[in-house]
> 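If you scroll down you'll find the structure; I have some questions about it.
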Amino acid sequence: MSTPTYPYNEGGYTLYSNPCCPYAQRVVRALNAAKIPYYIETIDLKNKPSWFHLVNPQLKVPTLRTPDGTILIESLVITEFVADQFPEAHLLPSDAIERAQLRLFIELFKMRFIPNIYNVLENTNEKEGKLSKQALLDGIKDIGRELEIQWSRRSGKGGPFWNGDNWGYVEIVTSSFIGNLVPLKHYRAFTVPDTEEFASFNRWRKAIEAAPEFLKVRPDDKPLIDSYEKYANAASK
């Protein structure tokens, strides 16, 4: 009996990914920022290949296979691995306080932005929909306030990115979810108001949306919108 196999790049990095998955986009941007050669094996999330369980029994993307055959899962774990494995890329600051402030902001974004994106998509009830949109707007205000604090610090250099003029680790791990405002507008007519209370967030958002590092990985609108149909239609089923 032959041993089951799966595709990978012999002696190199292989990323099992999907272009519309925001978590996978994190890892692609981290690998790109570190200038690491890698091979992408695209996984159809609606029709996963029969061999994928050999790579990741959880059948999730992203999954990274390292040159020695180690399998890594979970997007933030992988992006930190890339930062640690390739310190010459300077993805994370060398200063411990700056690293802590960066991680606190990522945690805030993870708690106040990401889940509320999905809550807005999944709520078709008018009352619940308004509440979920307000929760997202409140989270965006909190994010904007933290950006203002960071931009007043030496490391923030006045913005518009976390590290001033430089696209960095914060944008690597958050920007794909900023991109998810596209399906949110399509399915739920949600946009961030262009008012003073959202000015800091919108400044950061616009800088992200114009950055080459974002555009290189960003999927086209149609496949991105289509990939979120399952969330938008979940409540009506």
Side-chain angles (χ1 to χ4, degrees), residues 9 13-46 48 52 55-56 58-66 71-83 85-86 89 91-92 102-103 105-118 120-121 143 161-163 166-187 201 204-232:
N9 179 23
Y13 287 91
T14 304
L15 177 63
Y16 302 88
S17 181
N18 181 279
C20 290
C21 172
Y23 299 96
Q25 289 173 41
R26 277 177 168 169
V27 178
V28 171
R29 290 189 173 103
L31 293 168
N32 289 347
K35 297 182 171 59
I36 304 169
Y38 63 97
Y39 168 75
I40 285 188
E41 184 68 37
T42 300
I43 303 299
D44 182 345
L45 298 179
K46 293 182 179 179
K48 296 170 185 175
F52 192 41
V55 182
N56 183 349
Q58 298 180 31
L59 301 177
K60 293 181 179 180
V61 297
T63 301
L64 183 69
R65 187 186 192 276
T66 68
I71 298 293
L72 299 176
I73 63 173
E74 299 297 337
S75 62
L76 287 177
V77 172
I78 299 173
T79 54
E80 289 225 4
F81 162 79
V82 172
Q85 186 74 0
F86 299 92
L91 299 190
L92 287 170
L102 173 152
R103 288 182 171 122
F105 179 79
I106 291 170
E107 185 66 20
L108 172 69
F109 188 90
K110 185 173 75 172
M111 298 296 293
R112 303 286 279 130
F113 191 87
I114 297 175
N116 285 323
I117 284 265
Y118 294 97
V120 171
L121 278 168
I143 290 166
F161 298 112
W162 181 260
N163 288 325
N166 298 317
W167 169 280
Y169 190 83
V170 162
E171 288 73 35
I172 285 170
V173 302
T174 59
S175 60
S176 54
F177 296 96
I178 297 296
N180 284 355
L181 290 170
V182 170
L184 218 59
K185 180 179 180 180
H186 175 83
Y187 289 112
F201 178 87
W204 181 58
R205 173 183 61 81
K206 290 174 182 178
I208 286 173
E209 291 172 343
E213 297 91 340
F214 175 77
L215 295 172
K216 183 177 180 179
V217 179
R218 179 190 183 277
D220 292 336
D221 284 357
K222 187 179 187 313
L224 181 61
I225 288 168
D226 289 348
S227 71
Y228 281 84
E229 184 179 11
K230 61 182 179 180
Y231 298 105

> Using side chain to side chain contact (heavy atoms under 4.5 Å, CB included), reason through Tyr13 and Leu64 one step at a time and then give a plain yes or no.
CA-CA 7 Å; Tyr13 287 91; Leu64 183 69; 4.0 Å; yes

> Within the 4.5 Å heavy-atom criterion, are Leu184 and Tyr228 side-chain neighbours or not?
no

> Considering only heavy atoms from C-beta outward, does the side chain of Ile117 approach that of Leu181 to under 4.5 Å?
yes

> What I'd like to find out is whether the side chain of Asp44 reaches to under 4.5 Å of the side chain of Phe52, using heavy atoms alone.
no

> Measure the spacing between OG of Ser75 and CD1 of Ile172 and express it to the nearest 0.5 Å.
12.5 Å

> Restricting to salt bridge (Lys or Arg N to Asp or Glu O under 4.0 Å), what partner residues turn up for Glu213, sequence neighbours left out?
none

> Using the ring of each side chain (for Trp, its six-membered ring), is Phe109 parallel, tilted or perpendicular to Phe113, with breaks at 30° and 60°?
parallel

> Return yes if a side-chain donor-acceptor contact under 3.5 Å exists between Asn163 and Tyr169, otherwise no.
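Asn163 vs Tyr169: no donor-acceptor pair found between side chains.
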
> Which atom names give the shortest non-hydrogen contact between Pro19 and Thr42, and what distance separates them?
CD-CG2, 4.0 Å

> Nearest 0.5 Å please: distance from the CZ atom of Arg103 over to the CG atom of Leu76.
10.5 Å

> Find the distance between OH (Tyr38) and OG1 (Thr14) and round it off to the nearest 0.5 Å.
12.0 Å

> What class does the angle between the rings of Tyr23 and Phe177 fall in, given that below 30° is parallel, 30 to 60° is tilted and above 60° is perpendicular?
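Answer is perpendicular, since the angle exceeds 60°.
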
> Take Ile73 and Tyr16, measure what side chain to side chain contact (heavy atoms under 4.5 Å, CB included) needs, and give me the verdict at the end.
CA-CA 10 Å; Ile73 63 173; Tyr16 302 88; over 6 Å; no

> Which atom names give the shortest non-hydrogen contact between Val28 and Ser17, and what distance separates them?
CG2-OG, 4.3 Å

> Show, in sequence, the C-alpha distance, side-chain angles and deciding distance for Tyr187 and Ile225, and conclude whether the side chain to side chain contact (heavy atoms under 4.5 Å, CB included) test is met.
CA-CA 8 Å; Tyr187 289 112; Ile225 288 168; 3.5 Å; yes

> Do you know which two heavy atoms are closest between Thr79 and Arg26, and how far apart they sit?
CG2-O, 3.8 Å

> With a 4.5 Å limit on heavy-atom distance, are the side chains of Pro219 and Gln25 in contact?
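Side chain of Pro219 against side chain of Gln25, heavy atoms only: contact under 4.5 Å found.
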
> If every non-hydrogen atom of Pro183 is compared with every non-hydrogen atom of Leu121, which pair is closest and at what distance?
O-CD2, 4.1 Å

> Do Glu209 and Lys206 meet the salt-bridge criterion of a basic N to acidic O distance under 4.0 Å?
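Between Glu209 and Lys206 there is no salt bridge, as every charged N stays at least 4.0 Å from the carboxylate O atoms.
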
> Quick one: pull up CD1 in Ile178 and CZ in Arg218 and give me the separation to the nearest 0.5 Å.
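Taking CD1 in Ile178 and CZ in Arg218, the distance rounds to 12.5 Å.
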
> Any heavy-atom pair between the side chains of Tyr231 and Asn180 that's under 4.5 Å?
no

> Would you say Glu80 and Leu72 make side-chain contact, with heavy atoms under 4.5 Å?
no

> Who pairs with Asp226 by side-chain hydrogen bond (donor to acceptor under 3.5 Å, both in side chains), at least two apart in sequence or on another chain?
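Scan of Asp226 (side-chain hydrogen bond (donor to acceptor under 3.5 Å, both in side chains), adjacent residues dropped) gives Lys222.
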
> Would you name the heavy atoms of Ile208 and Phe161 that are closest together and state the gap between them?
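Nearest pair, atom of Ile208 first, then Phe161: N-CE2, 3.9 Å.
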
> Check the pair Ile36, Gln85 against side chain to side chain contact (heavy atoms under 4.5 Å, CB included), reporting the backbone distance first and the verdict last.
CA-CA 11 Å; Ile36 304 169; Gln85 186 74 0; over 6 Å; no

> Let me confirm one number: the CG-CD1 distance from Asn9 to Ile40, rounded to the nearest 0.5 Å.
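Answer for the CG-CD1 pair, Asn9 versus Ile40, is 12.0 Å.
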
> Shortest non-hydrogen contact from Ala34 to Val82?
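Where Ala34 meets Val82 most closely, the heavy atoms are CB-CG1, 3.8 Å.
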
> Between atom CG of Asn166 and atom CD of Glu171, what is the distance when rounded to the nearest 0.5 Å?
9.5 Å

> Does any non-hydrogen side-chain atom of Leu45 lie less than 4.5 Å from one of Lys230?
no

